[in-house]
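Quick note: residue numbers are just sequence positions, from 1.
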Amino acid sequence: MLHGYIPPHRFLPYLSWTEIAALPDRENTVIVLPCGAIEQHGPHLPCSVDSVIASGVMGKALEKLPAEVRAFALPPITYGKSEEHLHFPGTVTLTGTTLLSTVIEIGESVYRSGFRKLLFANGHGGQPQVLEMAARELRLRHGDFVIVPHGVSRLPSAASRQVSEQEKKLAMHAGHSETALMLALAPDTVHMERAAANFPPPFPIKLLSADGRPACAWTARDFGPSGVIGDPTSATREQGLEILDTLSDSWAQALTELHALRWVVREEATWERGHQQGFIQQSFVPA
């Protein structure tokens with residue numbers, strides 16, 4: 001069915017329009033949009049990694065929410081901005097402009113349906129800036145809209161206890177944590193016999209990169225023909241289940257707090273779609 005990893009009772013498209021219109025407290029109901037990608041993840045992982053992890057983690061978090069915390073998920077965006085992986089077959093990418101327009105238009109639809117809290121749950125490291133731009137644009141248009149763009153894997157989890165210092169510093173793609181999570185969420189798609197480590201050279205200008213991660217623009221092919229940037233070889237399903245459990249715990253807490261959040265409401269005229277008109281502050285009197 002369409003809901004995939006999302007609990008059916010938390011999947012907004014399974015409601016009719018009359019049921020959505022009748023939902024209580026829509027202005028505080030959290031709408032979750034998992035944002036993934038279809039792109040190469042080395043010889044041992046499928047191209048669906050980012051979409052699976054974004055949906056899988058948020059689905060498990062929604063499953064853990066108490067009934068009184070109102071939150072629903074939309075179907076994930078499974079195509080992202082993946083130009084850094086274009087050298088590899090299987091990568092399907094949108095341009096940044098297309099993704100930006102898509103996310104903004106989805107946000108407008110969420111707002112038009114009466115909801116005022118939207119989470120962009122991002123599973124792909126190549127597009128946080130686009131989602132941040134979309135969130136800012138939507139906030140400019142609607143002074144009572146709370147939009148949170150955030151990386152799915154950036155909340156506390158067991159992952160930090162499982163990996164080496166080299167992995168923490170230099171891994172960026174198809175390494176230990178992504179492999180472990182895929183072993184937990186979609187084990188039949190993982191081929192550990194093909195897994196091999198591959199790290200980029202540490203960036204030599206410490207003033208620009210204290211941990212050695214590349215400070216300049218890069219593509220995955222810059223670091224070798226496998227597409228891997230990290231060490232997946234020691235990942236296990238048990239580790240993935242631990243990451244999934246602890247990461248979804250963190251997200252369940254974050255969703256609960258986002259549901260309870262009462263944020264600033266800006267009542268002045270917004271800047272509308274074309275940024276042609278809107279409120280301009282003319283003076284200021286200190287309190």
Within the 4.5 Å heavy-atom criterion, are [X] and [Y] side-chain neighbours or not?
| X | Y | result |
| --- | --- | --- |
| Met182 | Pro46 | yes |
| Arg10 | His3 | no |
| Cys216 | Phe203 | yes |

Legend entry - Selection residues 201-225 - residue pairs positive for salt bridge (Lys or Arg N to Asp or Glu O under 4.0 Å), sequence neighbours left out: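 Residue pairs passing salt bridge (Lys or Arg N to Asp or Glu O under 4.0 Å), neighbours aside: Asp211-Arg213.
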Is a donor from one side chain sitting under 3.5 angstrom from an acceptor on the other, for [X] and [Y]?
| X | Y | result |
| --- | --- | --- |
| Thr179 | His44 | yes |
| Thr97 | Thr95 | no |
| Asn122 | Gln127 | yes |

Inset, instruction - Considering only NZ, NE, NH1 and NH2 on the basic side and carboxylate oxygens on the acidic side, decide whether Asp249 and Lys64 come within less than 4.0 Å. - result: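 Looking at Lys64 together with Asp249, the answer is yes, because their closest N to O distance falls below 4.0 Å.
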Legend entry - Side-chain ion pair, Glu132 and Arg136, N-O less than 4.0 Å: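 No, Glu132 and Arg136 are not salt-bridged.
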Legend entry - With Phe199 via ring-ring contact (aromatic ring centres under 6.0 Å, His included) - residues at least two apart: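 Once residues adjacent in sequence are excluded, Phe199 has no partner under the ring-ring contact (aromatic ring centres under 6.0 Å, His included) criterion.
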Inset, instruction - With rounding to the nearest 0.5 Å, note down the distance linking CH2 in Trp251 to NE2 in His150. - result: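 The CH2 atom of Trp251 sits 5.5 Å away from the NE2 atom of His150.
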Inset, instruction - Among Ile, Leu, Val, Met, Phe, Trp and Tyr joined by side-chain contacts under 4.5 Å, find the other residues sharing a cluster with Met172 and list them by chain and number. - result: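 Its cluster partners, ordered by chain and number, are Trp218, Phe223, Ile229.
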Inset, instruction - Please confirm whether the backbone N or O of Asn28 pairs with a side-chain atom of Arg116, one donor and one acceptor, at under 3.5 Å? - result: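 No; judged by distance alone, with no hydrogens or angles, the pair does not exist.
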Inset, instruction - Kindly write out the residues that satisfy side-chain contact (heavy atoms from CB on, under 4.5 Å) with Ala134, not counting sequence neighbours, or none if the list is empty. - result: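 Expected list: Leu100, Val103, Ile104, Phe120.
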Legend entry - Sequence-distant partners of Leu261, side-chain contact (heavy atoms from CB on, under 4.5 Å), two or more places apart: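 With sequence neighbours excluded, Leu261 shows a side-chain contact (heavy atoms from CB on, under 4.5 Å) to Lys117, Val146, Leu258, Trp263, given in chain and number order.
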Inset, instruction - Using the side-chain contact (heavy atoms from CB on, under 4.5 Å) rule, pick out the option among Pro156, Ser157, Ser177 that qualifies with Leu247. - result: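 Of the listed residues Pro156, Ser157, Ser177, the side-chain contact (heavy atoms from CB on, under 4.5 Å) partner of Leu247 is Ser157.
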N/O donor-acceptor pairs under 3.5 Å from side chains in residues 71-84, not counting sequence neighbours:
{"from": "Lys81", "atom 1": "NZ", "to": "Glu83", "atom 2": "OE1", "distance (Å)": "3.3"}
{"from": "Ser82", "atom 1": "OG", "to": "Glu39", "atom 2": "OE1", "distance (Å)": "2.6"}

